[in-house]
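Every heavy atom of this structure was used, including side-chain atoms; hydrogens, water molecules and symmetry mates were not.
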Amino acid sequence: QLQHERDEAKTQLAAAQGENEQRKADQKLAALSSSRGEAGGLPQQSVSSGSPTGSPSTALAQMMNDPKMKEYIHQEQLEKIKERYGPLFQKLKLTPEDTEKFTQLIGGEWQKFTDLGSSMAEGKTDLAAARQAMADAPKEIEGELQSLLGPAGYARYNEFNQEVPAQTTVNMLNNQLGDNPLTDDQSARLFQLVKAEPYTLTHGISGVLDMAFFGSQEEIDKYLQQVTESNQRILDQAASFLTPPQLAALATLQSNSITAQKLKGAALTQKH
């Protein structure tokens with residue numbers, strides 16, 4: 001329910017077999033986030049109450065330091081980038097060479113987030129430093145992207161990123177509905193509803209961990225309340241064109257997304 005892509009984390013999940021239920025849940029979250037490689041969605045650290053010192057488990061750090069695992073995750077990230085930005089490549093009519101340059105640029109950024117998550121899991125990077133690194137990372141490739149895409153293309157790229165939560169919502173809901181997906185009209189109207197909401201309140205559904213989770217518990221609670229209110233606004237308006245079963249499925253999708261964000265935030269920041 002927390003994934004709309006293929007089962008990217010099966011390899012990592014296998015390593016958690018035989019552990020206790022809490023340990024397995026923590027490692028599953030870490031593996032899912034690492035495999036997805038979402039920009040801003042860092043891989044979570046595994047927290048084990050059974051650790052002799054009471055410190056965060058180094059299971060994720062050990063896994064991420066395995067060269068084969070790092071390469072596997074990086075290749076998964078590159079495939080995810082090509083899948084996500086495929087429509088943008090077509091819209092901008094990028095050449096195969098420029099498409100590859102774009103993929104490598106974004107892939108390098110995502111890899112930095114993965115490495116940052118590994119560093120946090122080892123206790124080498126604190127939350128303040130991680131927060132600053134997350135804010136600075138996109139700026140480091142801004143010039144190269146502008147040069148590659150041109151002014152108009154770069155503007156469309158930024159616009160495309162803002163549309164990701166809306167498109168993700170439509171895609172995930174259709175996956176949940178199975179053989180009875182939304183009509184084209186319903187998809188378009190739901191897309192516009194989600195897009196109209198503040199990006200910071202909707203991007204969690206695409207796997208991004210909001211910066212609020214790097215603040216105090218009060219900040220986290222306030223943010224989640226705002227997300228809940230945003231979700232309710234979407235539901236209220238969607239009731240005019242979705243059937244009751246479709247609306248119920250959307251509500252479940254939203255609830256699962258909030259649960260996932262809470263778990264990701266708790267695993268990463270150790271706020272349990």
Side-chain angles (χ1 to χ4, degrees), residues 2 26 29-30 32-47 56 60 64 73 77 80-81 84 105-142 145 157-169 194-234 254-272:
L2 305 182
D26 288 339
L29 288 169
L32 287 172
S33 184
S34 298
S35 297
R36 288 168 62 92
E38 300 287 358
L42 300 177
Q44 294 100 337
Q45 59 194 114
S46 175
V47 180
L60 175 60
M64 293 302 297
I73 291 174
Q77 290 174 339
K80 178 66 180 176
I81 292 167
R84 168 176 288 188
L105 279 173
I106 301 300
E109 182 186 25
W110 287 14
Q111 183 63 50
K112 288 179 181 179
F113 285 121
T114 302
D115 292 341
L116 181 59
S118 178
S119 179
M120 291 185 68
E122 295 180 276
K124 297 179 179 179
T125 303
D126 60 26
L127 293 179
R131 186 170 188 170
Q132 186 61 50
M134 289 173 65
D136 292 341
K139 302 175 185 177
E140 296 174 3
I141 63 171
E142 182 177 357
L145 284 174
Y157 159 74
N158 285 326
E159 182 182 356
F160 184 91
N161 282 334
Q162 296 294 312
E163 295 172 350
V164 168
Q167 192 60 61
T168 299
T169 300
V194 178
K195 185 180 177 182
E197 289 292 315
Y199 175 80
T200 55
L201 301 182
T202 60
H203 66 173
I205 199 166
S206 58
V208 179
L209 189 62
D210 192 83
M211 297 292 280
F213 286 96
F214 293 87
S216 66
Q217 187 60 50
E218 182 180 358
E219 291 175 307
I220 295 174
D221 292 341
K222 180 180 179 180
Y223 170 74
L224 290 175
Q225 179 59 37
Q226 291 174 334
V227 172
T228 299
E229 293 171 355
S230 172
N231 286 344
Q232 189 59 53
R233 287 194 295 269
I234 293 172
Q254 292 175 332
S255 176
N256 289 341
S257 175
I258 289 181
T259 298
Q261 291 179 69
K262 289 179 179 179
L263 291 173
K264 288 179 72 173
L268 180 63
T269 64
Q270 301 181 63
K271 291 184 175 67
H272 294 278

For Ala212 and Ile220, which heavy atoms make the closest approach, and how far apart are they?
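So the minimum-distance heavy-atom pair works out to O-CG1, 3.4 Å.
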
Atom of Ile205, atom of Pro165 and distance for their closest heavy-atom approach
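Result for this residue pair: CG2-O, 3.8 Å.
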
Hey, mind stepping through Asp210 and His203 against side chain to side chain contact (heavy atoms under 4.5 Å, CB included) and telling me if it holds?
CA-CA 8 Å; Asp210 192 83; His203 66 173; 2.8 Å; yes

Side chains of Glu197 and Thr202 only: does a donor on one sit below 3.5 Å from an acceptor on the other?
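Side chains of Glu197 and Thr202: no pair found under 3.5 Å.
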
Counting C-beta onward and ignoring hydrogens, is there a side-chain heavy-atom pair between Arg233 and Leu201 closer than 4.5 Å?
yes

Any residue meeting salt bridge (charged side-chain N to carboxylate O under 4.0 Å, His left out) with Glu218, in chain and number order, not counting sequence neighbours:
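Glu218: no salt bridge (charged side-chain N to carboxylate O under 4.0 Å, His left out) contacts found.
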
Can you name the side chain to side chain contact (heavy atoms under 4.5 Å, CB included) partners of Ala196, sequence neighbours left out?
none

Can you check whether Ala129's main-chain N or O pairs, donor with acceptor, with Gln132's side chain at less than 3.5 Å?
no

Mind listing the closest non-hydrogen atom pair of Tyr157 and Ile106 along with its distance?
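Distance-wise, the nearest heavy atoms are OH-CD1, 3.6 Å.
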
Is the shortest side-chain heavy-atom distance between Ile73 and Trp110 below 4.5 Å?
no

Rounded to the nearest 0.5 Å, what's the gap from CZ on Phe160 to CZ on Arg84? Could you check?
8.0 Å

Going by the rule side-chain hydrogen bond (donor to acceptor under 3.5 Å, both in side chains), which residues pair with Lys195 if we only count those two or more places apart in sequence or in a different chain?
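Glu163.
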
Measuring from atom CD1 of Ile258 to atom CG of Leu224, what distance do you get when rounded to the nearest 0.5 angstrom?
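It comes to 6.5 Å.
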
So, do Gln217 and Asp221 sit near enough that their side-chain heavy atoms are less than 4.5 Å apart?
yes

Looking at side-chain heavy atoms only, is the closest gap between Gln111 and Gln77 below 4.5 Å?
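Counting from C-beta outward, Gln111 and Gln77 do come under 4.5 Å.
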
Ile141 side, atom CD1; Lys112 side, atom NZ - distance, nearest 0.5 Å:
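Interatomic distance, Ile141 CD1 to Lys112 NZ, rounded to 0.5 Å: 8.0 Å.
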
